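Note sheet for the following structure.
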There are 2 protein chains.
Amino acid sequence: MATKTLIPGYTYGTEQVAKSPIGLEDLNKLKTTVMFTSADEEALRMAGDVLEDQVEDVLDVWYGFVADHPHLLAYFSTPDGHPIQEYLDRVRERFGQWILDTCRRPYNQEWLDYQQEIALRHTPEKKNVTDNANSVDNIPLRYVIAFIYPVTATLRPFLAKKGHSADQVEAMYQAWFKSVTMQIALWSQPYTRDGYW
Amino acid sequence: MATKTLIPGYTYGTEQVAKSPIGLEDLNKLKTTVMFTSADEEALRMAGDVLEDQVEDVLDVWYGFVADHPHLLAYFSTPDGHPIQEYLDRVRERFGQWILDTCRRPYNQEWLDYQQEIALRHTPEKKNVTDNANSVDNIPLRYVIAFIYPVTATLRPFLAKKGHSADQVEAMYQAWFKSVTMQIALWSQPYTRDGYW
Ligand code: HEM
Ligand code: HEM
């Protein structure tokens, strides 16, 4: 997995990535809380194959959703409200990679560390740094949590597009829902008061 | 809605409730972020009727889930790990009321204020106070977020038990998912660093 990537700012598995505040034992507790099992891992592998050639279409939907909501587009914009196209474009590539990582990466310590890195990139600690963007410096936690819904619900039609059975589509969808919820639980860490996470 | 209730510690609509940090305009932004519309309000009203006489069965599932996971049961236990039955019982009644409130209450300022009250009751500021419980004083935010999954997924079979069409069940389920996600976004406020929420 240490292959070089051509996506600017995508530092998965490198020395530059933050360290997660938790280890595999705590991750396991989180997994059981979202009812995540090895069957979900398998369903996500299947979802990876289903989504692989649809990533751009999925991103069109999500970016369209953000663009339609000024209170969301603001976080890809300058402080005085002008959207920054280069920032949008660069993040989009990493967002696409994340879809496949969610499906295909083993959820190990390296993965946990990159979760922390993504988390920090939504907060004042690292927002804008990767892309040298002249944007506002924090994405409010409440919107990050709220985004669980669109990122889950709008994926479902794409999971159904490759002729899998209703049961298989449902299994992929639930596995995705669990994983996204778990990841946002992880991403909440740098937002949280000391000792409250 | 100012009727007296017999549920101990349930203070909805009273002077004792905390004040929400946000108003209806910000709530509206949150609603659009979880794609919540008036169709969801209607679906939740229907869900209220479907769930009304199943509340105890739903609570059996959720309490069973907590009881099966020592890392969750710990938050209803003494600091040295003994579950507190009276605490479990008292919270259970308010939890049941919350199911119906989620379906039936108008999401107005009074509702926002009680969201803040529930949030605080999961944190050191108010945990244990309502029931005078001798328990640990914080529920980690990551578990509160993770709990979105079981509280959503396990509800689905109950929504399907009253003979509604597949489309109606799906509409109720999605509306519930949106509402729970939005509520947890609200509940994250007292956990969050100043300015990060
Ligand atoms: C379910 C919730 C969310 C998911 C899954 C998600 C996913 C991602 C991913 C995968 C990245 C790129 C990570 C990397 O650098 O490798 C990213 C970055 C970013 N996201 Fe999110 N995001 C979520 C919520 C939000 C919300 C609500 C906004 C507000 C519009 C937002 C705005 C951004 C921005 C501006 C960046 C670039 C941050 C930087 O400067 O590096 N995200 N997000
Ligand atoms: C989706 C996430 C959650 C929901 C919807 C939820 C719902 C509720 C509700 C409705 C109440 C009663 C509020 C009132 O006093 O009127 C409550 C209290 C409580 N919940 Fe949660 N909860 C969630 C996550 C958790 C988690 C992960 C735990 C950990 C086991 C937990 C443990 C408790 C405890 C101990 C209380 C009593 C707090 C007190 O001392 O007043 N909750 N919850």
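So you know, we letter chains A, B, ... as the sequences are listed, proteins then strands, and number each from 1. These numbers were taken from a predicted model, which means no experiment stands behind them.
Across A:A146 and B:L30, no two heavy atoms sit closer than the pair CB-CD1, 3.9 Å. When all heavy atoms of B:T181 and A:I148 are compared, the closest pair comes out as CG2-CB, 4.1 Å. For the pair A:L141 and B:T192, the tightest heavy-atom approach, listed with the atom from each and the gap, is CD2-OG1, 3.5 Å.
Taking CD from A:Q174 and OG1 from B:T152, the interatomic distance works out to 9.5 Å, rounded to the nearest 0.5 Å. Going from atom CZ of B:F65 over to atom OG1 of A:T33 covers 6.0 Å, rounded to the nearest 0.5 Å.
Aromatic ring orientation, B:F177 versus A:F177: parallel (interplanar angle below 30°, classes split at 30° and 60°).
Using a 4.5 Å cut-off between non-hydrogen atoms, the part of residues 114-136 of chain B that approaches chain A consists of B:T123, B:P124. For residues 43-62 of chain B, an interface with chain A (any heavy-atom pair closer than 4.5 Å) does not exist. Near-neighbour residues of residues 66-95 of chain B relative to chain A, defined by a heavy atom under 4.5 Å from a heavy atom of that chain, comprise B:H69, B:H71, B:L72.
Listed options B:I139, B:L186, B:V144, B:N138 were ranked by heavy-atom pairs under 4.5 angstrom with chain A; first place goes to B:N138. The choice from B:P140, B:P190, B:A153 that makes the most heavy-atom pairs within less than 4.5 Å of chain A is B:P140. The choice from B:F147, B:Y143, B:W187, B:F36 that makes the most heavy-atom pairs within less than 4.5 Å of chain A is B:Y143. The residue among A:D194, A:I184, A:T154, A:V180 with the most heavy atom pairs within less than 4.5 Å of chain B is A:D194.
Of the atoms belonging to B:S179, not a single heavy atom falls under 4.5 Å from chain A. Heavy atoms of A:Q189 lying under 4.5 Å from chain B are absent altogether.
A:R142 places no side-chain N or O within 3.5 Å of a backbone atom of B:A185 that could act as its donor or acceptor partner.
Here the side chains of B:M35 and A:Y149 are in contact, with some heavy-atom distance below 4.5 Å. Counting heavy atoms from C-beta outward, A:I145 and B:M182 have side chains that stay 4.5 Å or more apart.
Annotation: side-chain hydrogen bond (donor to acceptor under 3.5 Å, both in side chains) contacts involving residues 17-32 of chain A, sequence neighbours excluded, are absent.
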